[in-house]
Amino acid sequence: MADRISEIKEAVIDGMQKVVPGKVQQALDEGIGPETILNEAMINGMAEVGQLFEDGEFFVPEMLVAARAMAAGMEVLKPYLQQADIKATGKVILGTVQGDLHDIGKNLVGMMLEGAAFEVIDLGTDVPPEKFVAAVKESGAQIVAMSALLTTTMPAMKTTIEALENAGVRDQIKIMVGGAPLSDQYAKEIHADGYSPDANRAVSLAKSLIAAA
Ligand code: B12
């Protein structure tokens, strides 16, 4: 099993978009759990890509092909991660904040929320505050979930929360935030209602926010 996991991890790091899905399927067929594949092969692989970038060994194109390879693998994993055994739980507006193009973590959060029977309205990446505001007004969603992966785009979460306040819709919704550079403390500072460090806990957070609404 360790061999298969490290094969997938290396294929993600090397950006082998055509190879990763097949290897993920092989691992699943061998009985390796989807969460093990996700966490130990793919997320660990991306963490290593980040380290290589930081060390000056990888550049943006290498990060990008690795991201594509991971996304291709996630397509295979998706049905295994989701268990459609529960009734509709609530509606969530999801997006990566303005100026930020990272979407792997956001997509993973969306996938897990859908798996827990939330309806997810995905606004994509580089989402301006006014687009979040419009979506809240149009959708009747209970939760707004924002992702940011850059220290330079974290403040866009604050700007978005302020825009929701100014539009008079802040009280209608709960706001949850996430992304690698975030923390519980930052979430509190910008008056978000919750923070989660990963996609699994994002689901329990969303459920508890709905319960508290
Ligand atoms: C892949 C990648 C890219 C790809 C993104 C492709 C894509 N489609 O997403 C590309 C090549 C486009 C890219 C570009 C850039 N990147 Co980049 N990138 C990464 C990398 C390697 C992986 C990110 C990733 O997908 N991780 C895997 C996912 C699963 O993890 P995650 O996103 O953290 O998500 C999890 C949690 O955070 C949480 N979560 C995420 N969102 C949310 C939302 C909610 C509501 C909740 C509850 C939870 C939650 O749940 C997720 C699952 O568990 C990181 C390194 C790293 N270690 O993070 C750098 C990294 C984020 N990038 C970095 C940089 C600097 C850049 C660029 C500025 C580079 C440049 N010079 O151009 C540009 C910026 C482009 C832009 N405007 O956004 C830096 C940021 C440094 C900083 N402190 O700000 C990092 C940390 C690399 C580094 N070590 O220096 N990047």
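Note that the structure is predicted; figures quoted are calculated from it, not measured. Excluded from the calculations below are hydrogen atoms, water molecules and symmetry mates; all remaining heavy atoms, backbone and side chain alike, are included. Numbering of ligands and ligand atoms starts at 1, following listing order.
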Inset, instruction - Could you go through the side chain to side chain donor-acceptor pair (under 3.5 Å) check for Glu48 and Asn44 one step at a time? - result: CA-CA 6 Å; Glu48 210 163 305; Asn44 275 353; over 6 Å; no

Protein heavy-atom contact under 4.0 Å for [atom]?
{"atom": "atom 61 (C) of ligand 1", "answer": "yes"}
{"atom": "atom 86 (C) of ligand 1", "answer": "no"}
{"atom": "atom 47 (C) of ligand 1", "answer": "yes"}

Inset, instruction - Measure the distances from the heavy atoms of Gly194 to every atom of ligand 1 and state whether one is below 4.0 angstrom. - result: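 It does not, in that no heavy atom of Gly194 comes within the 4.0 Å cut-off of ligand 1.
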
Inset, instruction - Would you please determine whether Pro181 falls within less than 4.0 Å of ligand 1 on a heavy-atom basis? - result: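 Flag not set, Pro181 not near ligand 1.
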
Heteroatom proximity flag, [X] to ligand 1, N/O under 3.5 Å:
{"X": "Ala199", "value": "yes"}
{"X": "Gln51", "value": "no"}
{"X": "Leu101", "value": "yes"}
{"X": "Thr152", "value": "no"}
{"X": "Gly50", "value": "yes"}

Inset, instruction - Compare every heavy atom of Tyr195 with every heavy atom of Asp184, then report the nearest pair and how far apart it is. - result: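 Heavy-atom minimum between the residues: N-CD2, 3.5 Å.
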
Legend entry - For the student: nearest non-hydrogen atoms of Thr159 and Pro129, plus distance: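 Nearest heavy atoms, Thr159 then Pro129: CG2-CG, 4.2 Å.
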
Within the 4.0 Å heavy-atom shell around [X], which atoms of ligand 1 are there?
{"X": "Ala67", "result": "1 (C), 6 (C)"}
{"X": "Asp198", "result": "38 (C), 50 (O), 53 (O)"}
{"X": "Leu149", "result": "32 (O), 33 (O), 58 (O), 61 (C), 80 (C)"}
{"X": "Ser196", "result": "47 (C), 48 (C)"}
{"X": "Ala202", "result": "47 (C)"}
{"X": "Gly99", "result": "76 (C), 77 (N), 78 (O)"}
{"X": "Phe53", "result": "65 (C), 69 (C), 87 (C), 88 (C), 90 (O)"}
{"X": "Ser147", "result": "40 (C), 41 (N), 42 (C), 43 (C)"}

Legend entry - Electrostatic pair Arg170-Asp193, nearest N-O below 4.0 angstrom: yes

Legend entry - Spatial distance of atom CD1 (Ile37) from atom NZ (Lys9) [nearest 0.5 Å]: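 The NZ atom of Lys9 is 15.0 Å from CD1 of Ile37, to the nearest 0.5 Å.
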
Inset, instruction - Report whether Leu209 and Val169 are members of the same hydrophobic cluster (ILVMFWY, side-chain heavy atoms less than 4.5 Å apart, transitive linking). - result: no

Legend entry - Proximity to ligand 1 by part of Pro197, non-hydrogen separation under 4.0 Å: backbone

Give me the residue, atom name and distance of the protein heavy atom closest to [atom].
{"atom": "atom 7 (C) of ligand 1", "answer": "Asp103 OD1, 3.3 Å"}
{"atom": "atom 82 (C) of ligand 1", "answer": "Thr151 OG1, 3.6 Å"}
{"atom": "atom 68 (C) of ligand 1", "answer": "Leu150 CD2, 4.1 Å"}
{"atom": "atom 51 (C) of ligand 1", "answer": "Gly105 CA, 3.8 Å"}
{"atom": "atom 14 (C) of ligand 1", "answer": "His102 NE2, 3.7 Å"}
{"atom": "atom 72 (O) of ligand 1", "answer": "Val60 CG2, 3.6 Å"}

Are there more than 12 heavy atoms of other residues, nucleotides or ligands under 6.0 Å from atom [atom1] of [X]?
{"X": "Asp171", "atom1": "CG", "result": "no"}
{"X": "Lys158", "atom1": "NZ", "result": "no"}
{"X": "Gln185", "atom1": "CD", "result": "no"}

Legend entry - Trace of the side-chain contact (heavy atoms from CB on, under 4.5 Å) decision for Leu77 with Met42: CA-CA 11 Å; Leu77 271 188; Met42 310 232 269; 3.5 Å; yes

Legend entry - Min side-chain heavy-atom separation Met146-Thr160 under 4.5 Å: yes

